[in-house]
Asks: 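I am attaching a structure below and will ask some questions about it afterwards.
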Amino acid sequence: MNNRTVMYHQFGHPAHVLTIENRSTIAPKSDEMVVRTILRPINPSDLIPITGAYAHRTSLPGIPGYEGIGIVEEVGNPILKSWLGKRVLPLRGEGTWQDYVTAPARWVVPVPDSIADWTAAQLYINPVTAWVLCTEWLKLKEGDTLLVNAGGSAISRVFAQLSNIVGFRYIAVVRNDVYTRELKHIGASHVIHSSSSRLVEAVLELTNGRGADFAIDCVGGQAGKNLAYAVRPFGTLTALGLLSGEPVDWWDVTKQKDLSVNLFHLRHWNRGVSEKTWHETFETLMTFIGQGLLQLMTPRETYDLTNVHTAIKNLNKQQANNGKHFLASDH
């Protein structure tokens, strides 16, 4: 089978280094499945490795894409034949920006008919990260206050909705007023505009002078530092992302403030998670979606896989709350 594949052979701006190549599919090993992909979202986490930001752990040539949805086309073991034709998430295998993805059978997640392709396709990176952070990493409980920057991002929307489910108080930090109404509607207790408010003073006012119990930094740079000083003494800050591209000297920050700082990577959780917990996590999130408690980003634009360059160029022209951009395969 011809397998149209998005690849990069060197690091650089995605619009400049990505190529479309035709490859042949390889028969799966006994513990693998070949999934004919249908749809995959474009996430910042897909694009950042292409730039070389994580060159020390990124092998070349590379295939982008951490998540997506497809149909099981081929299995490497007769025991797995019941999976043929099923709609699944082909995770933790090859990059998903190709027509056919080979994935380890044990991590492939079945998708119920009740969940739309565009919802299921983005069920991994942001929802799983947010759920694990809230319930396993930080162990948030009712009444805790969580402060997060990059408030207009897709994962911020998940945190806002999880605050309703878990019971913690969610304060989102945004750069302007564009996202305020929506964030409050889906669960945020408060939205702080960093461009017009002094963050620390605003958080202290909202928490009766205490500060946030927990904070998650998705930005880095000065925004990350500002977030740290809004956390209560002996509170916890988790560094999750680096949207600014500027790392924070957390050691220096902790010398100036009594604060516990840690770093969360989903891949580290993946290494230690059992197969049972892995599948239970997805089942829990899909239950929330079925109950209407969790809604993911709606599609903004969908491009054919071969139009990836156009998709990336248009990506930066849209506001985050205008919807998600997807790459589709028309087999």
Asks: Can you tell if the side chain of Thr281 reaches within under 4.5 Å of the side chain of Val273, non-hydrogen atoms only?
Replies: no
Asks: Closer than 4.0 angstrom, basic N to acidic O: yes or no for Arg157 and Glu182?
Replies: yes
Asks: Do Asn77 side-chain atoms and Ile79 backbone N/O form a donor-acceptor pair below 3.5 Å?
Replies: yes
Asks: Indicate, with yes or no, if Leu285 and Phe168 share a hydrophobic cluster defined by side-chain heavy-atom contacts under 4.5 Å among Ile, Leu, Val, Met, Phe, Trp and Tyr.
Replies: yes
Asks: Go through the structure and list residues passing side chain to side chain contact (heavy atoms under 4.5 Å, CB included) with Ala212, not counting sequence neighbours.
Replies: Thr145, Leu147, Val203
Asks: Pro49: which residues meet the side chain to side chain contact (heavy atoms under 4.5 Å, CB included) condition with it, sequence neighbours left out?
Replies: Tyr8, Tyr54, Thr58, Tyr66
Asks: Test: salt bridge (charged side-chain N to carboxylate O under 4.0 Å, His left out). Region: residues 268-288. Which pairs qualify, not counting sequence neighbours?
Replies: Arg106-Glu275, Lys276-Glu280
Asks: Remaining members of Val88's ILVMFWY cluster at a side-chain heavy-atom cut-off under 4.5 Å?
Replies: Met33, Val35, Val72, Val75, Leu80, Trp83, Leu84, Val108
Asks: Name all residues meeting the ring pair (Phe, Tyr, Trp, His ring centres under 6.0 Å) criterion together with Tyr124; count only those two or more places apart in sequence or in a different chain, and write none if there are none.
Replies: Trp278
Asks: Kindly indicate, with the supporting measurements, whether the criterion side-chain contact (heavy atoms from CB on, under 4.5 Å) is fulfilled by Leu123 and Val128.
Replies: CA-CA 7 Å; Leu123 192 57; Val128 171; 5.9 Å; no
Asks: Between Asp99 and Arg4, is there a donor-acceptor pair closer than 3.5 Å when you use the side chain of the first and the backbone of the second?
Replies: yes
Asks: Assert yes or no for the condition that the ring centre distance of Trp269 to Phe264 is strictly below 6.0 Å.
Replies: no
Asks: If we ignore hydrogens and angles and just use 3.5 Å, is the side chain of Thr5 paired with the main-chain N or O of Gln98 as donor and acceptor?
Replies: no
Asks: Tell me every residue that passes ring pair (Phe, Tyr, Trp, His ring centres under 6.0 Å) with His265, counting only those two or more places apart in sequence or in another chain.
Replies: His268
Asks: Taking side chain to side chain contact (heavy atoms under 4.5 Å, CB included) as the test, write out the residues that go with Leu204, two or more places apart.
Replies: Val200
Asks: Please answer whether the main-chain N or O of Arg36 pairs with a side-chain N or O of Glu73 as donor and acceptor at a distance below 3.5 Å.
Replies: no
Asks: Taking side chain to side chain donor-acceptor pair (under 3.5 Å) as the cut-off, I'd like each qualifying pair that reaches into residues 246-255, sequence neighbours left out, listed once.
Replies: Asp252-Gln256
Asks: Using modelled atom types and a 3.5 Å cut-off, is there a donor and acceptor pairing between side-chain atoms of Thr129 and backbone atoms of Asn126?
Replies: no
Asks: Inspect the surroundings of CD1 in Ile26 and state if more than 12 heavy atoms from other residues, nucleotides or ligands are less than 6.0 Å away.
Replies: no
Asks: State yes or no: do Phe282 and Trp107 share one hydrophobic cluster built from I, L, V, M, F, W and Y residues joined by side-chain heavy-atom distances below 4.5 Å, directly or via other members?
Replies: yes
Asks: Would you call Gln122 and Glu67 a side-chain contact if the rule is heavy atoms closer than 4.5 Å?
Replies: yes
Asks: Residues sharing Met7's hydrophobic cluster, by side-chain heavy-atom contacts under 4.5 Å among ILVMFWY, directly or via others?
Replies: Ile63
Asks: I need the full list of salt bridge (charged side-chain N to carboxylate O under 4.0 Å, His left out) pairs touching residues 223-245, with sequence neighbours left out, sorted by first then second residue.
Replies: Asp213-Arg232
Asks: Looking at residues at least two apart in the chain, or sitting in another chain, which of them share a side chain to side chain contact (heavy atoms under 4.5 Å, CB included) with Ser189?
Replies: Arg169
Asks: Could you note down all residue pairs passing salt bridge (charged side-chain N to carboxylate O under 4.0 Å, His left out) where residues 118-147 supplies at least one of them, sequence neighbours left out?
Replies: Lys141-Asp144
Asks: Could you state whether Leu60 and Ile20 fall into the same hydrophobic cluster, counting links through intermediate Ile, Leu, Val, Met, Phe, Trp or Tyr residues with side-chain heavy atoms under 4.5 angstrom apart?
Replies: yes
